[in-house]
Amino acid sequence: MTGTDTRDLAALRPRLPSPLHEVADERFERRGVRLLLKRDDLIHPELVGNKWRKLAPVLATADGRTVVTFGGAYSNHLRAAAAAGRLLGLSTVGVVRGQELADRPLNPSLARCAADGMRLHFVDRSTYRRKSEPETLAALLRAVDAEGAVVVPEGGSNAEAVRGCRALGEELGEHADVAALACGTGGTLAGLAAGLPRGRRTLGIPVLRGGFLEGDIRRLQERAFGGPRGTWSLDDRFHHGGYARTTPALDAFAEDFERRHGLPVERVYVAKMLYALLALTEEGAFPRGTTLAAVVTGRPFP
């Protein structure tokens with residue numbers, strides 16, 4: 001395959017719309033709250049969850065060019081981009097945060113990227129923070145011999161990805177009063193909120209510390225739609241220490257949820273979102289009669 005278009009993406013056979021399942025959980029039911037799971041983790045076996053929605057619009061225009069993107073050592077986004085490259089016959093390069101990792105054995109996440117054909121280029125953390133600056137980005141592209149590449153930002157969140165995630169809100173439609181998801185870079189939330197009908201709202205649970213995400217989401221919607229779209233809010237109390245960090249309470253909650261519902265719970269994003277929804281329900285944040293849709297954006301790895 002020398003190019004990529006929407007027909008190539010259709011050949012990957014994504015499961016769209018993703019399934020929407022109701023779960024019976026007395027902890028929500030006794031508060032008069034109905035819980036639905038939007039199973040975006042079932043869209044595709046390798047381009048899991050919101051990664052399909054974010055990557056597909058970009059890959060459809062790659063036209064055979066190398067795809068360069070960015071992430072940390074355990075990035076779900078890097079794994080998805082590498083898998084997409086293998087499936088679509090595109091060369092991929094992953095710029096990885098942490099020069100010190102270059103001399104260490106690859107962890108399982110990066111090993112999967114490499115097995116899927118992604119070239120890994122490790123950079124120091126200072127350079128990584130400046131990756132969006134034109135001069136730094138140009139130097140990085142020269143270093144990986146990909147000056148004509150399609151550049152996909154960390155987490156895949158750009159205007160095209162945000163517009164692609166709008167379909168998530170459209171699929172949910174009138175099924176839920178509140179659509180909730182865990183947020184890393186904010187692109188999925190920006191699109192989801194835009195796609196929901198009037199009168200429905202989106203709740204984001206940031207998995208990183210710092211309180212910077214609100215501004216990022218506003219900027220993403222500005223770039224994608226020319227201005228704000230939809231009703232959305234963030235609750236940043238549930239990051240459990242930061243990205244890829246857990247606590248005994250979070251692990252215990254996730255294990256209990258798995259036993260109750262037979263659903264493997266991914267810890268970096270999904271567990272924090274579900275934990276937050278139960279805590280908010282018990283705080284009385286949702287009026288009786290509310291239907292929540294929890295977006296399952298991924299599954300455990302490996």
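No experiment lies behind these values; they were computed from the predicted model shown. We count residues from 1, following the sequence as given.
Considering every non-hydrogen atom in both A279 and F238, the closest pair reads CB-CE2, 3.8 Å. Of all non-hydrogen atoms in L42 and P19, the two that sit nearest each other are CD1-CG, 4.0 Å. Of all heavy-atom pairs spanning A161 and G156, the tightest one is CB-O, 2.9 Å. Considering every non-hydrogen atom in both G85 and T92, the closest pair reads CA-CG2, 3.8 Å. When all heavy atoms are compared, the tightest approach of T69 to A81 is CG2-CB, 3.9 Å. Across every non-hydrogen atom of A293 and L172, the tightest pair is CB-CD2, 3.8 Å.
Under a 4.5 Å side-chain heavy-atom cut-off, the cluster of Ile, Leu, Val, Met, Phe, Trp and Tyr residues that includes L220 is completed by V162, F225.
Side-chain contact check for R130 versus L137: every heavy-atom pair is 4.5 Å or farther apart. Considering only heavy atoms from C-beta on, T297 comes within 4.5 Å of V270 through its side chain. In this structure the side chain of D256 reaches within 4.5 angstrom of the side chain of R27, judged on heavy atoms. A heavy-atom distance below 4.5 Å is not found between the side chains of F286 and R34. Annotation: side chain of H261 is in contact with side chain of D25 (closest heavy-atom distance under 4.5 Å). Annotation: side chain of V68 is not in contact with side chain of V152 (no heavy-atom distance under 4.5 Å).
Connection of L20 to L196 is established within a shared hydrophobic cluster, with ILVMFWY side chains joined at heavy-atom distances below 4.5 Å, either directly or through further cluster members. If you chain together hydrophobic residues whose side chains sit under 4.5 Å apart, V151 and V123 fall into the same group. Linking ILVMFWY side-chain heavy atoms closer than 4.5 Å, directly or via other members, places F28 and F253 in a single hydrophobic cluster. F301 and L250 sit in two unconnected hydrophobic clusters of ILVMFWY residues. Membership requires side-chain heavy atoms under 4.5 Å apart, directly or through other members. The hydrophobic cluster containing V296 also contains V178, counting ILVMFWY residues as joined when their side-chain heavy atoms lie under 4.5 angstrom apart, directly or transitively.
Put simply, CG on N107 and CZ on R112 are 11.5 Å apart, with the number rounded to the nearest 0.5 Å. Here CG of L59 is found 8.5 Å from CH2 of W52. Values are rounded to the nearest 0.5 Å. A distance of 8.0 Å separates CG of L292 from CG of L36, quoted to the nearest 0.5 Å. Atom-to-atom distance recorded for L168:CG and K54:NZ is 11.5 Å, nearest 0.5 angstrom. For the atom pair OG (S91) and CZ (R65), the distance works out to 12.5 Å, reported to the nearest 0.5 Å. Taking CE of M118 as the start and NE2 of H121 as the end, the distance is 13.5 Å to the nearest 0.5 Å.
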Determine all donor-acceptor pairs shorter than 3.5 Å in which one atom belongs to a side chain in residues 197-211; sequence neighbours excluded.
residue	atom	partner	partner atom	Å
R200	NE	E174	OE1	3.1
R200	NH1	E174	O	3.3
R200	NH1	A176	O	3.2
R200	NH1	D177	OD1	3.4
R200	NH2	E174	OE1	2.4
R209	NE	G241	O	3.3

Side-chain donor/acceptor pairs under 3.5 Å, residues 180-191, sequence neighbours excluded:
residue	atom	partner	partner atom	Å
T185	OG1	S157	OG	2.6
T188	OG1	N50	ND2	2.9

Do any side-chain atoms of residues 140-148 form donor-acceptor pairs under 3.5 angstrom with protein atoms, and if so which ones, sequence neighbours left out?
none

**Report entry** E154 and R97: CA distance, side-chain angles, deciding distance, side chain to side chain contact (heavy atoms under 4.5 Å, CB included) verdict
**Finding:** CA-CA 10 Å; E154 182 178 27; R97 180 179 61 247; 3.4 Å; yes
Query raised in the report: Stepwise, does the side chain to side chain contact (heavy atoms under 4.5 Å, CB included) test hold for D116 with L87?
Result: CA-CA 9 Å; D116 279 336; L87 292 166; over 6 Å; no
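Annotation: ring pair (Phe, Tyr, Trp, His ring centres under 6.0 Å) contacts involving residues 60-86, sequence neighbours excluded, are absent. Sorted by first and then second residue, the salt bridge (Lys or Arg N to Asp or Glu O under 4.0 Å) pairs involving residues 281-299 (not counting sequence neighbours) are R237-E283.
Not a single side-chain hydrogen bond (donor to acceptor under 3.5 Å, both in side chains) links R104 to another residue, sequence neighbours left out. For the side chain to side chain contact (heavy atoms under 4.5 Å, CB included) test, no residue two or more places apart in sequence or in another chain qualifies with E222. Residues satisfying the side-chain hydrogen bond (donor to acceptor under 3.5 Å, both in side chains) criterion with K51, sequence neighbours excluded, are absent altogether. For R31, the side-chain hydrogen bond (donor to acceptor under 3.5 Å, both in side chains) criterion is met by no residue, not counting sequence neighbours. Taking the side-chain hydrogen bond (donor to acceptor under 3.5 Å, both in side chains) definition, one finds that H175 meets it with nothing, sequence neighbours left out. Applying the salt bridge (charged side-chain N to carboxylate O under 4.0 Å, His left out) rule to K38 yields the partners E171; only residues at least two apart in sequence or on another chain are considered.
Side-chain contact check for S109 and R79: at least one donor-acceptor pair (N or O, by modelled atom type) lies under 3.5 Å. Of the N and O atoms on the side chains of Y128 and Q99, not one donor lies less than 3.5 Å from an acceptor on the other residue.
R218 places no side-chain N or O within donor-acceptor distance of the main-chain N or O of G215, the cut-off being under 3.5 Å. The backbone N or O of V268 sits less than 3.5 Å from a side-chain atom of E266, completing a donor-acceptor pair. Side chain of Q221 to backbone of R229: a donor-acceptor contact under 3.5 angstrom is found. R223 contributes no side-chain N or O that, together with a main-chain N or O of A159, makes up a donor-acceptor pair within less than 3.5 Å. Between the side chain of R267 and the backbone N or O of V265, at least one donor-acceptor pair lies under 3.5 Å. At least one donor-acceptor pair closer than 3.5 Å links the side chain of T281 to the backbone N or O of L277. Here the side chain of S75 pairs no donor or acceptor atom with the backbone of G72 at under 3.5 angstrom.
Classification of the H240-Y275 ring pair by plane angle, with boundaries at 30° and 60°, yields perpendicular.
Results of the side chain to side chain contact (heavy atoms under 4.5 Å, CB included) test with R53 over L192, I43, L47 single out I43 as the only residue that passes.
Enclosure of atom CD in E26 by more than 12 non-hydrogen atoms of other residues, nucleotides or ligands within 6.0 angstrom is indicated.
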